[in-house]
Structures are given as structure tokens and as C-alpha cells.
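Worth knowing before you read on, the calculation uses all heavy atoms, side chains too, and leaves out hydrogens, waters and symmetry mates. None of these values were measured; they are calculated from a predicted model.
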Amino acid sequence: MTTPIAPHGGRLVDLFVAPAERAALKSAASRLPAWDLTPRQLCDLELLQNGAFSPLEGFLGRADHESVCKDMRLADGTLWPMPITLDVSQAFADTIAVGARIALRDAEGVILGVLEVSDLWTPDREAEALAVFGTSDRKHPGVAHLLERSHPVYVGGRVQAIEAPRHYDFAHLRATPAELRAQFARNGWSRVVAFQTRNPMHRAHLELTFRAAQIAEANLLIHPVVGLTKPGDIDHYTRVRCYEKLLRHYPERTTTLALLHLAMRMGGPREALWHAIIRKNHGCTHFIVGRDHAGPGSGSDGKPFYGPYDAQQLVSRHEAELGISMVPFQEMVYVQERAQYMPADEVPAGLNVLNISGTELRRRLQEGLDIPEWFTYPEVIEELRRTHPPRHKQGFTVFFTGLSGSGKSTIANALLVRLLELGTRPVTLLDGDIVRKNLSSELGFSKEHRDLNVQRIGFVAAEITKNGGIALCAPIAPYAGSRRIVREMVGEAGVFVEVHVSTPLEVCEGRDRKGLYALARAGKIKEFTGISDPYEVPESPELRIDTSDIAPDQAVQQIVLKLEALGLIAPAR
């Protein structure tokens with residue numbers, strides 16, 4: 001049996017090479033095979049570099065990866081619950097070998113570090129999903145990323161850091177673990193309780209954190225995640241402005257705010273344990289673990305992925321080994337008769353409890369409804385309203401998917417005219433054939449190229465949506481995975497409306513205006529959707545339309561009614 005080892009006794013790993021050596025290493029790195037880091041990998045590299053992921057000295061090798069998945073420990077027995085991996089394409093993996101060095105670059109091509117390859121292998125990602133997240137359900141965002149967006153080959157090895165990723169936003173709040181430790185020492189803070197969040201904070205959160213600090217007899221660090229969070233979360237720019245306004249309501253010199261550029265996995269109990277280690281590295285002595293910490297909600301079966309107190313129980317079991325104390329908390333609710341917040345389990349029977357869920361808050365923002373002051377502060381409401389206008393003023397995307405000949409383009413063009421008649425927002429049509437000609441002319445029809453084409457459409461649609469316009473997309477988009485990615489991209493900017501044009505294959509083939517089905521049946525077109533390549537039917541689109549026996553204007557009317565029901569356009573008078 002492996003003897004448990006405490007994370008690292010508080011020592012921070014420093015991966016940066018000496019300043020005198022950086023120029024030479026950067027020059028040498030410019031001649032190495034280079035990997036452009038994904039947004040998640042960029043977050044991971046930054047926290048490896050600055051010691052937030054201590055005791056890790058790089059991306060996990062195979063033995064550590066397998067041990068972490070199985071036992072939540074590195075191969076040497078050190079407690080570490082979350083795989084930190086560098087996934088690369090097969091094409092890139094074919095150019096390197098164990099013992100090689102590779103340059104790690106950001107999206108602009110800046111070399112941030114060099115990795116010495118110790119391991120190169122193809123993992124069983126399905127097994128990893130089951131071990132780490134307890135499920136292979138793609139409704140779990142961590143699972144969806146692992147199974148649908150990560151590359152097939154893992155590269156493990158130690159990192160030599162050259163420079164940190166650059167951030168141009170909120171620079172005064174981006175403190176490294178070493179900087180926060182120094183700040184706590186200067187302020188004489190020997191006990192610090194950390195609060196993790198990826199959402200705006202309201203009065204309930206203030207009460208929760210204030211109580212936690214009192215219980216722990218500690219100062220408070222509000223430490224929100226501003227890297228990658230759950231798809232659909234409020235953008236970090238808005239959240240940070242809200243945190244800064246809320247900070248004024250804490251007692252003076254008791255609380256500080258710092259940002260954590262972490263890529264969350266939404267891994268529930270394991271994630272809570274991981275978060276505790278990261279806060280220990282930042283110099284905290286206590287960590288708040290609330291109800292369903294880092295939980296992603298419910299799965300395809302409608303049941304929550306994790307129990308409400310699974311995270312607290314797991315952290316509690318490892319508390320002594322971690323060297324950081326957990327402060328457990330239940331949900332805080334407003335008790336009307338007492339005009340104050342209380343933990344839900346302490347409310348006497350018969351009293352009237354008020355609460356507003358995240359879903360209800362979003363509804364009120366979307367519809368311009370009142371948000372009571374007992375829930376949050378006026379300046380926070382003002383900030384949220386400024387960046388989240390009512391739905392009838394937001395951008396949105398209508399994404400048509402269906403077989404060739406199903407009527408997607410016809411309906412999209414008719415809807416374009418109807419929306420232009422309304423004149424409320426700019427409207428752009430991204431038809432499948434037009435995009436293929438102007439944006440994806442070099443792509444073929446393999447699954448990889450089809451996915452890339454759909455994701456390009458999604459990127460453009462998200463930009464249109466983010467800037468308050470309407471994007472109408474009409475590709476075939478046969479695969480559920482790429483459609484899910486587009487939904488998430490657009491969902492970060494506005495509203496995504498999926499319309500499955502469900503016209504049956506025999507009707508589509510009977511129309512065959514371009515003669516494509518006949519060529520596919522004759523074997524002259526390979527990988528043709530519906531004939532020699534599958535079409536994955538959407539499980540829960542916002543709308544299904546079968547054009548077998550309805551005219552385009554009738555189909556458009558169905559869509560307009562749905563857009564009205566969603567609050568995206570005003571009902572016709």
C-alpha cells in the first residue's frame with residue numbers, strides 16, 4: 001500500500017528558468033517542434049508555472065495520469081485528484097518522440113515554455129471520464145470536453161517556463177500564489193478562508209462568506225475563477241465588476257479579492273478537493289465548500305451528477321492530509337419575518353423563506369422584471385442589467401440542421417426576409433453552400449472537415465450574436481458533437497435556437513434538385529449524409545419542422561411564434 005504523502009508541505013514549485021537563461025532557451029525553442037496551446041491548456045500552463053498546481057512540475061506522464069484517475073494520487077502517493085494533461089493531435093504526435101523537446105506557444109505564437117517529453121501515449125478517454133467524473137454522459141461539460149474536444153494523444157513531461165501568459169484585464173487583481181502569500185504576511189493575516197465562485201455574488205453569498213470568516217476566525221479571500229467555467233456562465237468581465245462593488249459591503253481591511261485563471265472541469269467532489277489544494281498553495285488556511293460544489297447540474301436522466309454534500313464529505317476525509325481546513329456551508333436563504341439571511345437548515349418551522357435561483361434571476365433580467373433589494377445590491381443589479389439586456393434586445397442564432405433537400409435553405413431565406421421586415425436587428429444568413437464557398441473552400445467531407453466547417457459557422461454566428469445581431473445558419477451539421485460545440489459558443493454570447501428540419505429521407509431524395517442523392521446511390525459521391533454517412537438526429541432542439549406537407553411561409557410562422565415565446569422578438573400587434 002502506498003503511504004499517503006501530504007501535497008508538498010506548503011512549498012511552491014517554480015518552473016521559470018533563471019532570467020539569465022531565458023533568452024538562450026527562447027532562441028533554442030524557436031527551432032523546436034511547436035504546439036499551439038488550447039485555451040484550457042493555456043490556463044493549465046499558467047497555474048503550473050506560478051505554482052498554483054504545486055507539486056506538479058509539468059503535464060502528467062502516463063504513470064501519474066493512471067494513478068490520479070484510479071486513486072486520486074500521483075504515482076508517488078501524493079494527493080492529487082485531477083488529471084492535468086497536454087493532449088495533442090495524432091499528426092503532431094507523429095513528429096515527436098520520448099526524449100524530444102517541444103515549444104509551447106500561445107495563440108499569437110509567443111513561446112511560453114519548453115516541455116521535455118517523458119511520455120507519449122493514447123489514453124482510454126472513456127475510462128478517464130468514468131474514473132474522474134463518474135459518468136460518460138456528454139451532458140457533463142467535463143465529459144463533453146474530454147470525449148469530443150480533446151486530442152487523441154497525451155504528452156507528459158516537465159516544463160521549463162520562459163514567460164507567463166499575458167492578461168490585459170484586471171491586472172491589479174491577478175496575484176500569483178507567491179504574491180498572495182506575501183500580501184497576507186504584510187497584512188498580518190495568519191488565518192485566511194478562501195471562497196471559490198464562478199457566478200456573480202449577491203447578499204446570500206456575502207452573508208455566507210462573512211459567517212464562514214467568523215467561524216474560522218480568519219480574514220477572507222474572494223477568489224473567483226476567471227479562466228474557463230461552465231458554458232453559459234456570465235462573462236468574467238461583468239462578474240469582476242460586480243465583485244468589486246460587493247467588496248465595499250464587507251468590513252474594512254477584512255477581505256481581499258484576487259482572480260484565479262483556472263479552467264474548471266465541473267468535477268464535483270474531485271474538483272472540490274483540487275480547489276482546496278490550489279487555495280492551500282495560495283496561502284489559505286481554510287476553504288469554504290458549499291452545497292454541490294463545482295457540480296454541473298443534471299444528466300441525461302434528469303438526475304444530478306453528484307449528491308449535494310458529496311464534495312464536503314470527500315474534502316472532509318482528506319482535510320488533515322491537505323493541511324487546509326474545510327468550512328462547510330449549506331444554502332443561505334432569506335427569512336422574511338426576520339429580515340435576514342440564515343442557513344437553510346437553521347430556519348425555524350413556519351417561517352417564510354424567500355429565494356431567487358440563478359434561473360429565476362436570468363429570467364428577471366431577460367424580461368426586465370424587478371429584482372428585490374433583499375436579494376442583491378442596487379449597484380450589482382445595475383451592472384448586470386447593463387451587460388445583460390432584456391431578450392428582445394439580445395443577439396441570437398437560429399441554427400437549422402437536417403438532411404440535404406430537407407428545406408433548410410428555403411426556410412432560412414424566408415425567415416431572413418421576415419426578420420428584415422421587422423427591422424429590430426441586423427440579420428446575417430450563413431447558408432451551408434455559401435459558407436462552403438467563401439469560408440471553407442479547402443475542406444472536404446470527412447467527419448473531421450465537416451466538424452471544422454460547422455465550428456467555423458458557429459464561430460461567426462457567435463460573433464454576430466455577441467454584437468447584438470441575428471445569425472441564421474443552415475448547414476447539414478450531421479453530428480451531435482459539433483452542434484453541441486456551436487450551441488455552447490453561441491450560448492456564451494446570446495441565445496441559440498436549434499431548428500431540426502426533420503423532413504424524411506425519402507422526401508428529401510425525391511426532391512433531389514441537385515442530383516446529389518442519385519450520385520451518392522451510384523457511389524460517385526462518398527460520405528454523403530443519409531446514404532453513406534450517418535445523420536445524428538437532435539435529441540432536444542427548440543423546434544422540429546417537417547416540410548413534407550407545409551409551405552415555407554407556414555414553417556417560418558412556426559419559427560416566429562417560437563422566437564416570440566422565447567422573448568427574442570416582440571409579438572405582432
Side-chain angles (χ1 to χ4, degrees), residues 169-170 172-173 195 197-209 222 224-226 229-250 255 257 259 297 331-334 336 339 341 354-398 419 422-427 461-471 487-497 542 562-571:
D169 58 320
F170 306 113
H172 63 293
L173 297 174
F195 178 62
T197 182
R198 56 172 233 277
N199 294 308
M201 291 177 64
H202 304 292
R203 285 181 183 262
H205 302 100
L206 185 143
E207 292 290 339
L208 183 155
T209 52
I222 299 173
V225 171
V226 295
T229 59
K230 185 180 178 182
D233 283 349
I234 290 176
D235 68 277
H236 80 271
Y237 299 99
T238 300
R239 289 192 286 115
V240 173
R241 291 193 295 269
C242 289
Y243 300 142
E244 290 183 312
K245 288 177 169 60
L246 191 76
L247 205 63
R248 303 167 191 165
H249 295 275
Y250 286 94
T255 305
L257 170 67
L259 310 183
E331 181 182 12
M332 297 290 291
V333 294
Y334 185 77
Q336 188 173 29
Y341 277 90
L354 302 179
N355 198 7
I356 293 179
S357 68
T359 300
E360 174 62 14
L361 173 62
R362 287 190 292 273
R363 186 187 74 84
R364 291 181 181 226
L365 287 171
Q366 289 164 359
E367 298 181 15
L369 301 177
D370 177 61
I371 299 173
E373 283 198 29
W374 61 259
F375 176 74
T376 196
Y377 294 98
E379 59 266 39
V380 174
I381 297 173
E382 180 184 358
E383 187 62 51
L384 290 171
R385 289 199 189 281
R386 187 165 67 87
T387 55
H388 291 77
R391 272 202 169 183
H392 68 275
K393 294 183 179 180
Q394 293 179 20
F396 65 90
T397 290
V398 181
L419 293 173
L422 291 175
T424 58
R425 307 170 182 83
V427 191
E463 290 299 304
I464 293 168
T465 300
K466 180 173 67 177
N467 289 285
I470 301 172
R487 178 181 286 274
E488 291 177 3
M489 281 195 289
V490 172
E492 293 178 1
V495 182
F496 182 85
V497 181
E542 279 68 25
K562 172 59 71 173
L563 297 178
E564 290 177 356
L566 293 172
L568 294 168
I569 60 176

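Within the 3.5 Å criterion, the main-chain N or O of L365 finds no donor-acceptor partner in the side chain of R391. When atom types are taken as modelled, the side chain of Q394 and the backbone of L568 share no donor-acceptor pair closer than 3.5 angstrom.
The ring pair (Phe, Tyr, Trp, His ring centres under 6.0 Å) search around F170 returns none, not counting sequence neighbours. For E207, the salt bridge (charged side-chain N to carboxylate O under 4.0 Å, His left out) criterion is met by no residue, not counting sequence neighbours. Applying the side-chain hydrogen bond (donor to acceptor under 3.5 Å, both in side chains) test to Y250 and every residue at least two apart in sequence or in another chain returns T209. Every residue two or more places apart in sequence or in another chain that forms a ring pair (Phe, Tyr, Trp, His ring centres under 6.0 Å) with F496 is listed here: F399. By the side-chain contact (heavy atoms from CB on, under 4.5 Å) test, P426 is found to be paired with no residue, residues two or more places apart in sequence or in another chain being considered. With sequence neighbours excluded, the residues forming a side-chain hydrogen bond (donor to acceptor under 3.5 Å, both in side chains) with H202 are T376, listed by chain and number. By the side-chain contact (heavy atoms from CB on, under 4.5 Å) test, E492 pairs with no residue at all, sequence neighbours left out. By the salt bridge (charged side-chain N to carboxylate O under 4.0 Å, His left out) test, K466 is found to be paired with E463, residues two or more places apart in sequence or in another chain being considered. Residues forming a salt bridge (charged side-chain N to carboxylate O under 4.0 Å, His left out) with R203 (at least two apart in sequence, or on another chain): none. In this structure, the side-chain contact (heavy atoms from CB on, under 4.5 Å) partners of T465, at least two apart in sequence or on a different chain, are T397, V490, A493. Under the rule for a salt bridge (charged side-chain N to carboxylate O under 4.0 Å, His left out), the partners of R363 that lie at least two apart in sequence or sit in another chain are E360, E367.
You'll find the side chain of L422 reaches within 4.5 Å of the side chain of L419, heavy atoms only. Between L563 and V398 the shortest side-chain heavy-atom distance falls below 4.5 Å.
W374 approaches N355 most closely through the heavy-atom pair CH2-N, 3.7 Å. Summarising the geometry of A462 relative to M489, their closest heavy-atom pair is CB-O, 3.7 Å, with the distance given to 0.1 Å. The two residues L384 and P200 come nearest to each other via the heavy atoms CD2-CG, 4.1 Å. Summarising the geometry of F375 relative to I356, their closest heavy-atom pair is CE1-O, 3.4 Å, with the distance given to 0.1 Å.
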Pairs under 3.5 angstrom only: tabulate donor-acceptor contacts from the side chains of residues 237-248 to other protein residues two or more places apart or in another chain.
{"unit_1": "T238", "atom_1": "OG1", "unit_2": "D235", "atom_2": "OD1", "d": "2.9"}
{"unit_1": "T238", "atom_1": "OG1", "unit_2": "D235", "atom_2": "OD2", "d": "3.1"}
{"unit_1": "T238", "atom_1": "OG1", "unit_2": "T387", "atom_2": "OG1", "d": "3.1"}
{"unit_1": "R239", "atom_1": "NE", "unit_2": "R198", "atom_2": "O", "d": "3.3"}
{"unit_1": "R239", "atom_1": "NE", "unit_2": "I234", "atom_2": "O", "d": "3.0"}
{"unit_1": "R239", "atom_1": "NH1", "unit_2": "V225", "atom_2": "O", "d": "3.2"}
{"unit_1": "R239", "atom_1": "NH1", "unit_2": "Y243", "atom_2": "OH", "d": "3.0"}
{"unit_1": "R239", "atom_1": "NH2", "unit_2": "V225", "atom_2": "O", "d": "2.8"}
{"unit_1": "R241", "atom_1": "NE", "unit_2": "E383", "atom_2": "OE2", "d": "2.6"}
{"unit_1": "R241", "atom_1": "NH2", "unit_2": "E383", "atom_2": "OE2", "d": "3.2"}
{"unit_1": "Y243", "atom_1": "OH", "unit_2": "N199", "atom_2": "O", "d": "2.7"}
{"unit_1": "E244", "atom_1": "OE2", "unit_2": "H172", "atom_2": "NE2", "d": "3.2"}
{"unit_1": "K245", "atom_1": "NZ", "unit_2": "E383", "atom_2": "OE1", "d": "3.4"}

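Note that the CD1 atom of I222 and the CZ atom of F195 stand 8.0 Å from one another [nearest 0.5 Å]. With rounding to the nearest 0.5 angstrom, the CD1 atom of I371 is 7.5 Å from the CZ atom of R364.
Between Y334 and Y341, the ring planes are perpendicular. Angles over 60° get that label, and only those under 30° would be called parallel.
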